[in-house]
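Atoms considered below: every heavy atom in the structure, side chains included; atoms not considered: hydrogens, waters and symmetry mates. A, B, ... follow the sequence lines: proteins, then strands. Residue 1 opens every chain.
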Amino acid sequence: MTRHLITSAIPYINGIKHLGNLVGSQLPADLFARYQRARGNEVLFLCATDEHGTPAELAAAKAGKPVEDYCREMHEVQARIAEGFRLSFDHFGRSSSPQNHRLTQHFAGRLADAGLISEVSEKQVYSNADGRFLPDRYIEGTCPNCGYDKARGDQCENCTKQLDPTDLIDPRSAISGSTDLEVRETKHLFLRQSQMRDQLDEWINSKTDWPVLTTSIARKWLHDGDGLQDRGITRDLDWGIPVKKGEEDWPGMEGKVFYVWFDAPIEYIACAAEWTEATGRDDAEWERWWRTDKGADDVRYTQFMGKDNVPFHTLSFPATIIGSGEPWKLVDYIKSFNYLNYDGGQFSTSQGRGVFMDQALEILPADYWRWWLLSNCPESSDSEFTWENFQSGVNKDLADVLGNFVSRITKFCRSKFGEAVPAGGDMGAEEQALIDELSRRLEAYDRSMERMEVRKSAQELRAIWAAGNEYLQSVAPWSTFKEDPEKAAMQVRLGLNLIRFYAVLSAPFIPDASGRMLSAMNTLDTEWPSDVTAALTALPAGHAFTVPDVLFAKITDEQREDWQARFAGTRD
RNA sequence: GGCGCGGUAGCUCAGCUGGUUAGAGCGCUCGACUCAUAAUCGAGAGGUCGGGAGUUCAAGUCUCCCCCACGCCA
């Protein structure tokens with residue numbers, strides 16, 4: 001038995017995520033977690049909300065709430081939606097947890113002791129009216145290059161020129177509009193990643209089986225320009241984890257917090273500690289997942305994320321882990337994804353473009369989304385969501401191929417033999433041919449799932465469903481029944497067993513439908529098949545079942561057009 | 001501008017270290033079946049693999065140049 005530690009990139013607290021975010025990390029991570037559990041392996045699947053930083057503060061202010069309250073509420077909202085999508089996290093934590101405070105401060109202390117933290121004085125813009133330092137992008141002004149009057153302090157969106165906040169003409173706060181700004185000297189901590197460049201480079205080079213997307217992004221950051229740069233890990237904010245050196249104060253750092261990118265990945269570890277606390281387990285329980293000196297040496301750790309998160313996971317977080325000099329578990333495999341586009345453009349949280357997770361669940365059950373998103377996930381390149389493709393994919397695969405299979409065989413059995421698995425007849429050459437094909441395909445399916453080849457897995461699963469229809473079509477029990485009812489009984493018996501077989505194999509993709517198939521077949525036997533012949537005789541003659549309701553109603557053209565129009569604009 | 005990732009059938013996409021007539025699903029055409037959610041099954045049409053040059057006995061698959069789309073730029 002293998003032990004799988006699985007984490008999905010943690011979604012930012014600021015609002016509800018869209019389908020592009022979902023398919024880029026949480027959903028494939030869930031697929032893998034469910035598969036590994038189904039195979040009987042021990043799994044700890046963690047995710048959390050990423051709660052610190054200026055955007056959270058501003059969103060809270062906009063909502064008229066204290067930031068703590070805002071984050072607590074939004075965490076609940078995201079947790080509920082995750083349940084709606086059947087994301088099977090063992091724990092859905094919060095980067096603002098006390099556990100993360102302690103761990104983040106601990107890591108900072110260790111890194112400082114190892115000489116990997118430097119203190120740097122820099123000049124930053126302070127807004128007297130807002131009573132805070134302003135991140136570059138929250139300063140607006142006129143672009144010295146093109147004259148655009150809403151240029152941001154980091155870049156002019158109009159002429160794309162890179163800017164320094166001090167370059168702006170008539171700078172003002174993007175938060176309050178105040179022009180009462182001044183440049184102040186402030187001191188910050190930097191993680192000296194550059195010191196660890198060779199070590200990280202060597203580590204990345206050893207990962208020959210990682211997706212090229214992952215390694216190419218990492219290499220770019222390692223070698224581009226002057227190579228890996230040190231990064232600031234503190235900010236002048238109120239909301240965040242106070243800067244401390246372990247449990248001690250950090251002279252000169254009073255009133256500052258760690259920068260969100262530093263504490264967010266540490267939450268992967270803290271989340272495990274939250275999990276033990278929430279479930280009444282000992283600390284040793286989470287340490288055996290994270291400390292190689294305390295039992296985690298046989299853990300296989302896999303991370304899932306969109307490509308925008310790759311630099312933090314391939315470089316910054318490993319630098320934190322390695323730099324601590326402590327035996328923390330390092331990631332074994334990083335599965336990264338490209339972007340899912342929406343109808344010719346990008347999904348966009350800030351512009352409210354696309355379909356958001358809550359809206360998706362309002363119009364259709366989770367399985368529809370899970371299936372389409374996973375079978376079309378942006379694995380090797382960006383991929384595209386269009387309502388036409390979604391409709392035809394879901395209708396064809398789920399309603400016609402799988403749902404109709406369940407329907408045709410159960411209804412036929414009911415009308416000819418009643419609602420119990422019929423007895424009589426023996427399998428012959430055609431059955432053996434089906435079993436041979438299913439055995440081959442099952443092997444291919446397992447291999448793809450093991451390798452996290454998501455689209456390929458979906459393709460194979462679909463072919464497994466289709467094989468049932470091919471079999472029925474060729475043996476035609478409705479004809480056989482007329483001359484040889486015993487033989488028809490055998491064919492139907494096999495067909496009914498295929499439903500259970502499909503339910504088990506499909507569960508990682510479509511857990512709800514899988515559950516309904518199992519309950520219709522009146523069985524709790526969800527053992528992952530190794531021998532197909534045995535798996536297809538699990539339901540014996542005489543075993544009662546019920547004809548289920550339509551598993552997947554089709555998406556009508558009217559619905560599609562309605563949704564197309566409804567989601568054409570932007571969300572408020 | 002630099003860098004990254006792509007440009008393969010009408011659509012969405014596969015094609016590992018170069019090697020027989022370039023693949024899948026959808027869509028389309030024709031046929032079969034009638035148990036089933038007007039579902040299923042079979043057959044077929046459809047691509048000079050963005051353009052050009054080169055390496056090679058052999059290139060979608062390697063090299064160079066160009067064009068196009070997208071993304072990132074601490």
Using a 4.0 Å heavy-atom cut-off across all strands, classify [X] as base, sugar-phosphate, or nothing.
| X | result |
| --- | --- |
| Phe405(A) | nothing |
| Ala553(A) | nothing |
| Lys554(A) | base |
| Thr410(A) | nothing |

Of Thr523(A), Ile499(A), Leu496(A), the residue whose pairing with Phe545(A) passes side chain to side chain contact (heavy atoms under 4.5 Å, CB included): Leu496(A)
Residue of the set Leu434(A), Ile409(A), Leu539(A) for which side chain to side chain contact (heavy atoms under 4.5 Å, CB included) holds with Leu494(A): Leu434(A)
Quantified in whole Å, what is the [atom1] atom distance between nucleotide [N] and nucleotide [M]?
| N | M | atom1 | value |
| --- | --- | --- | --- |
| C16(B) | G60(B) | C1' | 14 Å |
| G47(B) | G6(B) | P | 26 Å |
| G15(B) | G25(B) | C1' | 15 Å |
| U56(B) | G18(B) | P | 16 Å |
| U48(B) | U8(B) | C1' | 12 Å |
| U61(B) | A53(B) | P | 14 Å |
| C67(B) | G46(B) | C1' | 26 Å |
| U29(B) | G19(B) | P | 36 Å |

Just compare [options] and give me whichever is closest to any side-chain atom of [X].
| X | options | result |
| --- | --- | --- |
| Asn389(A) | G42(B), C11(B), C35(B) | C11(B) |
| Tyr339(A) | A32(B), G71(B), U12(B) | G71(B) |
| Trp478(A) | A74(B), U34(B), A39(B) | U34(B) |
| Arg455(A) | U12(B), A32(B), U37(B) | U12(B) |
| Ala466(A) | U12(B), A39(B), C41(B) | C41(B) |
| Arg462(A) | G25(B), U40(B), C13(B) | G25(B) |
| Lys396(A) | U12(B), G27(B), U34(B) | G27(B) |

Indicate, with yes or no, if the rings of [X] and [Y] have centres closer together than 6.0 Å.
| X | Y | answer |
| --- | --- | --- |
| Phe133(A) | His188(A) | no |
| Tyr342(A) | Phe385(A) | yes |
| Phe390(A) | Trp563(A) | no |
| Phe405(A) | Tyr502(A) | yes |

Could you please name the partner base of [N], counting Watson-Crick and G-U wobble pairs only when both distances are under 3.5 Å?
| N | result |
| --- | --- |
| C5(B) | none |
| G47(B) | none |
| A24(B) | U12(B) |
| C62(B) | G54(B) |
| U34(B) | none |

Verify stack between Phe412(A) ring and C35(B) base, 5.5 Å, 30 degrees: no
Using whole Å, report how far [atom1] of [X] lies from [atom2] of [N].
| X | N | atom1 | atom2 | result |
| --- | --- | --- | --- | --- |
| Tyr471(A) | G42(B) | OH | C1' | 18 Å |
| Leu551(A) | A39(B) | CG | C1' | 14 Å |
| Arg447(A) | C16(B) | CZ | C1' | 13 Å |
| Asp557(A) | G27(B) | CG | P | 12 Å |
| Leu472(A) | A36(B) | CG | P | 12 Å |
| Arg414(A) | U37(B) | CZ | P | 9 Å |
| Phe390(A) | C11(B) | CZ | C1' | 17 Å |
| Arg441(A) | A24(B) | CZ | P | 12 Å |

Geometric class of the Trp203(A)/Trp210(A) ring pair [parallel <30°, tilted 30-60°, perpendicular >60°]: perpendicular
Which residue lies more 5' along RNA chain B, comparing Ser479(A) with Ser383(A) via nearest heavy atoms: Ser383(A)
Closest-nucleotide ordering on RNA chain B, the 5'-leading residue of Gly393(A) and Asp230(A): Gly393(A)
Smallest separation among heavy atoms of Val23(A) and Pro378(A), with atom names: CG1-CD, 3.9 Å
Donor-acceptor pair (no angle test) under 3.5 Å: Asp400(A) side chain, A39(B) base: no
